[in-house]
There are 2 protein chains.
Amino acid sequence: MNIGQAAEQAGLPPKTIRYYEDIGLVKPGRDTNGYRAFGDKDIHKLTFLAHARALGFSIEDCRDLLALWEDTQRASADVRRIAQEHLQRIEDKIADLQNMRDTLTTLVRDCAGDDRPDCPILNSLGDPRPA
Amino acid sequence: MNIGQAAEQAGLPPKTIRYYEDIGLVKPGRDTNGYRAFGDKDIHKLTFLAHARALGFSIEDCRDLLALWEDTQRASADVRRIAQEHLQRIEDKIADLQNMRDTLTTLVRDCAGDDRPDCPILNSLGDPRPA
DNA sequence: GATAGGCCTTCCACTCACTGGAAGGTCAAG
DNA sequence: CTTGACCTTCCAGTGAGTGGAAGGCCTATC
């Protein structure tokens with residue numbers, strides 16, 4: 001299978017797949033004309049990568065998860081640990097963003113948003129001890 | 001004021017302040033020895049930048065907000081619009097992360113996490129139509 | 001056989017917002 | 001006079017791709 005079809009199957013842009021080969025996540029063969037030749041296992045890996053990345057796993061997490069996937073003897077606990085650590089990072093990030101949202105919501109609510117120059121948003125951002 | 005004190009006041013690393021000068025966000029003067037000399041207005045700007053960045057505004061948003069802050073005639077509506085657009089991006093990001101979290105929570109819950117090799121997380125990630 | 005177009009290849013540069021480090025100048029204390 | 005903490009500039013790297021140029025290959029049509 002050429003890179004175009006592989007991209008379609010996996011739901012990734014061809015450029016991204018070349019990049020994944022570059023950094024050693026997949027190792028497709030080559031046809032005599034130099035085109036990459038993707039087998040079923042490559043497609044599976046790319047699909048795996050597309051899903052894991054969509055869930056926000058880092059490339060290095062993906063590398064670890066793929067290695068565990070290829071190791072039929074691995075303990076599911078190893079996978080679970082990576083997923084749980086990632087879950088914690090996501091929870092933290094959500095909490096951060098919710099704090100930002102709350103602060104911004106207050107600022108936007110207090111801003112008249114009209115033609116007058118007075119603006120609580122700018123005032124607060126410039127204050128050494130802001131809202 | 002030297003860059004070290006300015007950094008302390010504003011709550012930013014010196015490296016970041018130099019970077020902000022590089023990209024034209026602040027323009028401190030120079031002492032005769034070549035050291036940057038930060039005035040009150042520079043400190044205020046840096047403080048502003050630290051807060052706006054902490055709220056997740058992009059550098060380009062910060063540039064716009066600083067320009068509005070320096071324009072005493074600006075309408076508060078302009079500021080409000082930038083803040084509200086940013087707020088929307090934050091809301092979207094929170095929703096994305098919550099979806100990720102929900103999917104991952106399900107996967108982690110279904111994974112035995114013991115010595116056995118069977119792992120619903122890996123199975124699902126490799127599935128063309130995943131959880 | 002020529003040509004058009006749609007693939008494919010490599011390589012280089014760019015993104016964003018810094019961060020790290022090297023090499024060297026300056027300043028205050030002891 | 002030396003030590004150590006500052007400061008300066010410049011170069012390179014981060015993560016995870018994306019954009020584009022220059023050129024090769026493959027198929028279809030004229």
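So that the names make sense, note that chain A is the first sequence line, chain B the second, and so on, each numbered from 1.
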Practice item. Can you tell me the distance, in whole Å, between the CZ atom of A/Phe57 and the P atom of D/dG17? Key: 15 Å

**Study point:** Any B/Tyr20 side-chain nitrogen or oxygen under 4.0 Å from OP1 or OP2 of C/dA17
**Key:** no

Review point. Are A/Arg80 and B/Asp110 within salt-bridge range, i.e. N to O under 4.0 Å?
Key: no

Point to revise | Nucleotide of D/dT8, D/dA16, C/dA17 approaching B/Ile59 most closely (side-chain heavy atoms) | key: C/dA17

Review point. Would you say B/Arg36 reaches D/dT9's phosphate, i.e. side-chain N/O to OP1/OP2 under 4.0 Å?
Key: yes

Check your understanding: For the atom pair CD1 (B/Ile90) and CD (B/Glu85), what is the distance rounded to the nearest 0.5 Å?
Key -> 12.5 Å

Check your understanding: So does A/Arg30 pair up with A/Glu21, basic N to acidic O under 4.0 Å?
Key -> yes

Review point. Short question: side chain of A/Ser76, backbone of B/Asp114 - any donor-acceptor pair under 3.5 Å?
Key: yes

**Study point:** Electrostatic pair B/Lys41:B/Glu70 at N-O distance under 4.0 angstrom
**Key:** yes

Practice item. Can you figure out which of C/dA17, D/dC6, C/dT9 approaches the side chain of B/Tyr35 most closely? Key: D/dC6

Check your understanding: Between B/Glu60 (CD) and C/dC18 (C1'), how many Å, whole number?
Key -> 14 Å

Review point. Once you round it to whole Å, what is the distance between C1' of D/dG17 and CZ of A/Arg63?
Key: 14 Å

Check your understanding: In whole angstroms, how far is the C1' atom of C/dA17 from the CG atom of B/Leu46?
Key -> 15 Å

Point to revise | N/O (side chain, B/Arg30) to phosphate O (OP1/OP2, C/dT26) under 4.0 Å | key: no

Check your understanding: Just by modelled atom types, is the B/Asn33 backbone N or O under 3.5 Å from a matching donor or acceptor in the B/Asp31 side chain?
Key -> no

**Study point:** Integer-rounded Å distance: C/dC18 P and B/Ile3 CD1
**Key:** 14 Å

Practice item. From the options D/dC7, D/dA16, C/dA17, select the nucleotide whose nearest atom is closest to the side chain of B/Arg53. Key: C/dA17

**Study point:** Rounded distance in Å - CD1 (B/Ile17) to P (D/dC6)
**Key:** 14 Å

Polar atom pairs between nucleotides 18-21 of chain D and protein, under 3.5 Å, N or O only, would you list them?
unit_1 : atom_1 : unit_2  : atom_2 : d
D/dT18 : OP2    : A/Thr16 : OG1    : 2.8
D/dG19 : N7     : A/Lys15 : NZ     : 3.0
D/dG19 : O6     : A/Lys15 : NZ     : 2.9
D/dG20 : O6     : A/Lys15 : NZ     : 2.2

Check your understanding: Looking at the side chain of B/Asn33, which of D/dG17, C/dA17, C/dT26 is the nearest nucleotide?
Key -> C/dT26

Review point. Rounded to whole angstroms, how far apart are CG on B/Asp22 and P on D/dT9?
Key: 9 Å

Practice item. For B/Arg18 and C/dG20, give me the distance from atom CZ to atom P, rounded to whole Å. Key: 13 Å

Check your understanding: Is the backbone N or O of B/Ile23 less than 3.5 Å from a side-chain atom of B/Arg63, with the two atoms forming a donor-acceptor pair by type?
Key -> yes

